[in-house]
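What follows is one structure encoded as structure tokens, with my remarks underneath.
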Amino acid sequence: MASARAVLSGDAPDVAVGLLGAALTVRGVTARIVEVEAYAGDHDPASHAYRGRTPRTAVMFGPAGHLYVYRSHGIHLCMNVTCGTEGRAAAVLLRAGRITAGADRVAARRAPITDPVRWARGPGNLGAALGIAPEDDGADLLAGGAISLVLGPRPAPEDIARGPRVGVSQNADVPWRWWLAGAPEVSAYRRSPRAPLPGSGADGRR
DNA sequence: GATTTGATTCTCT
DNA sequence: GAGAATCAAATCC
């Protein structure tokens, strides 16, 4: 079968689907990925790397299989897995997961939240549950370090749902979000308040 | 050097 | 449903 690195070197949408069901382990805590979003730097205005390489997005321009960590709204840390080929920015945002190992540690970390479904629902919560840190930016996921990624079997097509990305103000209508159908950790779709309406005012309802 | 935005989440109304 | 919280990075002049 193809190596994990080979899989991650594909196009962002392919990699995104491949990451569904994968197990991400951070210092002893493991989460099964149930929701992802793809971002391609070149032609995707929603991507942080769209305007070129910057110190913050440098990791996205590196080789596939590395972790890109960024701070959102000064409060939350979100995780991406870089993909594609080196020099061409692309990444997959990990939006939600289910804790499969280290639940006791997550429970303590996320207290007073006791509902496991809420521990890693949403990008910020996922990062919080796994205890990700800004210094984890750039970590190699395939080197067997403190953070490692293990791809699982690809879910059956009928178990995969697809839709528009959440919260982005650009390209808000590109259906580059995938999640496992029925996963309770997946949050309802919320369009960015800054996203321009697609048609001539036909939208606006949810 | 100053200003603005952000791939969010939580709480209150 | 709407607004606040809060830090850093990117953009603009």
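Throughout, protein chains are lettered first and strands after them, A, B, ... in sequence-line order, and every chain is numbered starting at 1.
- Separating the CD atom of A/Glu185 from the P atom of B/dT8 is a distance of 18 Å, rounded to the nearest angstrom.
- Cluster membership for A/Val36 and A/Tyr68, using ILVMFWY side-chain heavy atoms within less than 4.5 angstrom, is not shared.
- Ion pairing between A/Arg95 and A/Glu37 holds under the 4.0 Å rule for side-chain N and carboxylate O.
- The interatomic distance linking A/Arg53 (CZ) with C/dA9 (P) rounds to 16 Å, in whole Å.
- Across all strands shown, C/dT6 has no partner, as no Watson-Crick or G-U wobble contact with both distances under 3.5 Å is found.
- At whole-Å resolution of the value, CG in A/Asp115 and P in B/dC10 are 12 Å apart.
- A/Tyr70 contributes a side-chain N or O that forms a donor-acceptor pair with the base of B/dA7 under 3.5 Å.
- Between the P atoms of C/dT6 and B/dA2, the separation comes to 23 Å (whole Å).
- The one candidate from A/Leu126, A/Asn80, A/Val34 that meets the side-chain contact (heavy atoms from CB on, under 4.5 Å) condition with A/Leu94 is A/Leu126.
- A close approach under 4.0 Å does occur between a side-chain nitrogen or oxygen of A/Ser169 and OP1 or OP2 of B/dG6.
- Across all strands shown, B/dA7 forms no Watson-Crick or G-U wobble pair with both distances under 3.5 Å.
- The pair A/Asp173-A/Arg191 counts as a salt bridge, with a side-chain nitrogen and a carboxylate oxygen less than 4.0 angstrom apart.
- Formation of a donor-acceptor pair under 3.5 Å by the A/Arg162 side chain with backbone atoms of A/Trp178 is not found in this model.
- Position along DNA chain B of the nearest nucleotide to A/Val168 versus A/Ile113 favours A/Val168 as the more 5'-ward residue.
- Side-chain proximity of A/Pro123 to the nucleotides B/dT8, C/dA10, C/dG3 is greatest for B/dT8.
- Atom pair A/Leu77:CG and C/dT6:P shows a separation of 16 Å (rounding to whole Å applied).
- The side-chain ring of A/His73 is stacked on the base of B/dG6, judged by centre separation under 5.5 angstrom and plane angle under 30 degrees.
- Minimum atom distance to the side chain of A/Tyr39 is reached by B/dA7, of the listed B/dA7, B/dC10, C/dA10.
- The side chain of A/Asn125 places an N or O atom within less than 4.0 Å of a non-bridging phosphate oxygen (OP1 or OP2) of B/dC10.
- The separation between A/Arg191 atom CZ and B/dT8 atom P is 14 Å, rounded to whole Å.
- Listed nucleotides: B/dA7, C/dA10, C/dT6. Nearest to the side chain of A/Ile75: C/dT6.
- Remark: P of C/dA5 and CZ of A/Arg71 are 18 Å apart, rounded to the nearest angstrom.
- Atoms CG (A/Leu67) and P (B/dA7) sit 18 Å apart, rounded to a whole Å.
- Per the geometry, CZ belonging to A/Arg51 stands 12 Å off C1' belonging to B/dG6, to the nearest Å.
- No engagement by A/Arg165 is indicated, since no non-hydrogen atom pair under 4.0 Å with the nucleic acid exists.
- Taking 4.5 Å as the limit, every side-chain heavy atom of A/Asp44 sits out of range of all side-chain heavy atoms of A/Val174.
- Phosphate proximity of B/dT9 to A/Arg118: absent, as no side-chain N or O sits under 4.0 Å from OP1 or OP2.
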